[in-house]
Amino acid sequence: MSGERDIITAWIAREIVPHEGAMRKWLARRWRGAVDAEDVIQEAYCRIAGLARVDHIDNPAAYFHRTVHTAATDLARRAGAKNLVSVTQEDWFGVIDSRPLQDRALEATEELRRVDALMSNLSDTCRRVIELRRIEGLTRKETSERLGVSENDVKNLLVRGLQKVLNSLAEQDAEGGDQEHAQRKVQANG
Amino acid sequence: MASPVPAGGIDDQAAQWAVEAACGELSAEGRAELEVWLAADRRHRGAYARARAVFLAMEDAVVGGRPTAHGATLRLVDTVPTTIAARPPSIRRGRKMLFGAALAASLGAFAFVGTFVVRQTDQPGLAGEQIVRLSDGSVATLQRDARIDVVLSEETRRVTLLSGDATFRVAKDQARPFVVRSGEVYAQATGTVYSVARVGLRGGAVKVMEGSVLVWPGDQRERAVLLRAGESLTLDPPLPAPPRPRPDKVASKGPPRPSASTQITLDDTPIREAVARLNRANSTKIVLADPAIGDIRIVGLFKADDPDEFARMAAAVSGGEVERGPGVIVIKLR
């Protein structure tokens, strides 16, 4: 049970998270203010996390796009939004799938690089905690003893690091120059 | 080491839970708090899934290609509410002392208001019944074979019905909701009398004797149904889609639908109330064109997410007919 979930979490980390920025941009462009982008993204993750398995999904990016699209449609309908932006089937496939393959590959690489860039802004202490945990397999208690800080400090370091990355990811929907903006925010926080 | 419910935006809270869960050091109390938080809102669940995945991505980015101590899938510990069976049952006839000690040891001291004592008052009422007094003043009457697991904290009172059925006379405390969990079904009250029985592996039957109780399946608290005295509701949430062998790979066949074919049992319930329930849960609304239809009582088992089926049945019972419009289903007399 726990194993299945870990597989899905790892899959989301690898295949879905890198595309979040692109999806947020798409939401901002297509749906303008009709739905709350934050709600839509959370709903999409909720649906994807509920999957029993993911190995049947060949194109995770397209799957994510479609999940976001239906989540947005459902939320807008539930909210009774009058200004529904209707996206036709062709429009949809035009956005997602019919671009040349090399374009998509390029974009995917770009997205991955962007996420890596966000991660590189983590503080050294935070990286050290992660290394102790993941590479040496220390528990939180052992980590705190090694670093000479309280267990709570260890937890807070990780929480703050994660919060920064989550926020930076969410900042990616700004029109243009979003990457620089996100990084500025990270630096300001850290 | 559990923390109180984290403050801040949903993402910030999700980050705290994700780190707690990833470190695998959530106490029973922490886990209960997490369950409450997750059950409160689908957005919480989504934000939590996202935070866990991003945390994993973050760790992977830091660790890079270096070998890890725990192999590729590391130690993310599953804390989503499916762990009941794995937890030792805390209350059992004849093991009360053990229960107190074990529970006290497993929970942070901050979680309790005063001492947590369970006393058993033997044989009042029917044979086979067992009466358990909780430290908040609530009384649980356990039927034969019923077992419960209790966690009382400053913010919530949570009881898990491990098996059988039990009646709860809940001490009034508006600030601390009293939530009974039966499988994947939750029933919440502040002060009232109600009984809960296990149904199948994941379901529960809730019957209200006094006051009112909110009942919801799994993480769908926003779809909660309000039961009043005299009403009962049986929910048997379906299992999440079981893993099926899929020899042919299908690319993105649409997003997962929330599997919501939860069943509602209506026991001599006026159609008006049943309609109100269904309308709360569905975007397609049922409208009663004639108030007389609303007074007719209906009995049966209905899918909570299928207003069409219900409307057909209600029309059949009331001798009316169904008319569909965009987003509405009108039931009117012929």
Side-chain angles (χ1 to χ4, degrees), chain A residues 1-7 9-10 12-14 16-17 38-39 41-53 55-59 62-63 66-67 70-71 77-78 115-116 119-120 122 127 130-131 133-137 139-140 151-152 155 158-159 161-163 165-167 169-170, chain B residues 1 3 8 10-12 14-16 18-20 22-25 42-63 66-70 72-74 76-78 80 82 219 240-244 246 249-259 283:
Chain A
M1 163 194 69
S2 153
E4 282 292 318
R5 268 191 193 278
D6 287 356
I7 289 167
T9 301
I12 295 174
R14 203 173 54 243
I16 299 297
V17 169
E38 220 41 61
D39 287 358
I41 292 289
Q42 279 154 357
E43 175 66 22
Y45 273 101
C46 184
R47 291 179 184 192
I48 291 173
L51 291 174
R53 56 192 284 140
D55 53 4
H56 61 289
I57 299 172
D58 274 342
N59 185 345
Y63 191 91
R66 207 182 289 230
T67 306
T70 38
R77 197 186 298 135
R78 206 174 301 161
V115 172
D116 275 350
M119 305 299 182
S120 66
L122 290 171
R127 306 176 79 84
I130 291 173
E131 284 172 359
R133 219 174 78 70
R134 282 287 298 278
I135 297 171
E136 299 194 24
T139 64
R140 186 155 75 188
E151 274 187 65
N152 220 28
K155 182 193 141 195
L158 291 173
V159 170
L162 177 55
Q163 284 173 343
V165 176
L166 288 172
N167 287 337
L169 277 173
Chain B
M1 188 177 76
S3 5
I10 292 181
D11 279 339
D12 285 353
Q16 299 204 27
V19 169
E20 288 270 9
C23 292
E25 287 159 23
R42 282 181 69 81
R43 288 177 302 172
H44 292 180
R45 244 177 138 82
Y48 178 65
R50 174 171 175 260
R52 286 183 64 181
V54 171
F55 186 64
L56 186 51
M58 191 173 113
E59 286 195 319
D60 286 346
V62 169
V63 174
R66 300 159 75 176
T68 70
H70 302 279
T73 44
L74 54 143
L76 276 174
V77 169
D78 178 32
V80 175
T82 42
D219 58 337
R244 291 184 299 275
R246 281 192 198 240
K249 291 206 161 191
V250 184
S252 321
K253 265 237 166 168
R257 305 292 310 169
S259 54
S283 54

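A note on names: the letters A, B, ... follow the listed sequences, proteins ahead of strands, and every chain is numbered from 1.
To the nearest 0.5 Å, atom OH of residue B/Y48 and atom OG1 of residue A/T9 are 8.0 Å apart. Taking CD of A/E38 as the reference point, atom CG of B/D11 lies at 5.0 Å (rounded to 0.5 Å). Here the CE atom belonging to B/M58 is positioned 4.0 Å from the CD1 atom belonging to A/I130, to the nearest 0.5 angstrom. To the nearest 0.5 Å, the span separating CG on B/D12 from CG on A/L166 amounts to 8.0 Å. Atom CD1 in A/I135 sits 10.0 Å away from atom CD in B/E59 (nearest 0.5 Å).
When each of A/C46, A/G161, A/A71 is checked for heavy-atom pairs under 4.5 Å with chain B, A/C46 comes out on top.
Checked by atom type and distance alone, the side chain of A/Q42 never pairs as donor or acceptor with a backbone atom of B/A47 at under 3.5 Å.
Between B/A53 and A/I12, the closest heavy-atom pair is CB-CG2, 3.4 Å. Nearest approach of A/A10 to B/L56, heavy atoms of both residues: CA-CD2, 3.4 Å. Residue A/A49 comes nearest to B/A49 through the heavy atom pair CB-CB, 3.3 Å, listed as atom of the first residue, atom of the second, then distance. Taking all atoms of both residues into account, the shortest heavy-atom contact from B/A22 to A/R133 is O-NH1, 3.5 Å. Closest heavy-atom contact between B/G46 and A/Y45: O-CB, 3.4 Å.
Using a 4.5 Å cut-off on side-chain heavy atoms (C-beta onward), A/L169 and B/R50 make contact. Within the 4.5 Å cutoff, the side chain of A/R134 has no heavy atoms near those of the B/V62 side chain.
With a threshold of 4.5 angstrom between heavy atoms, A/I41 approaches chain B through side-chain atoms but not through N, CA, C or O.
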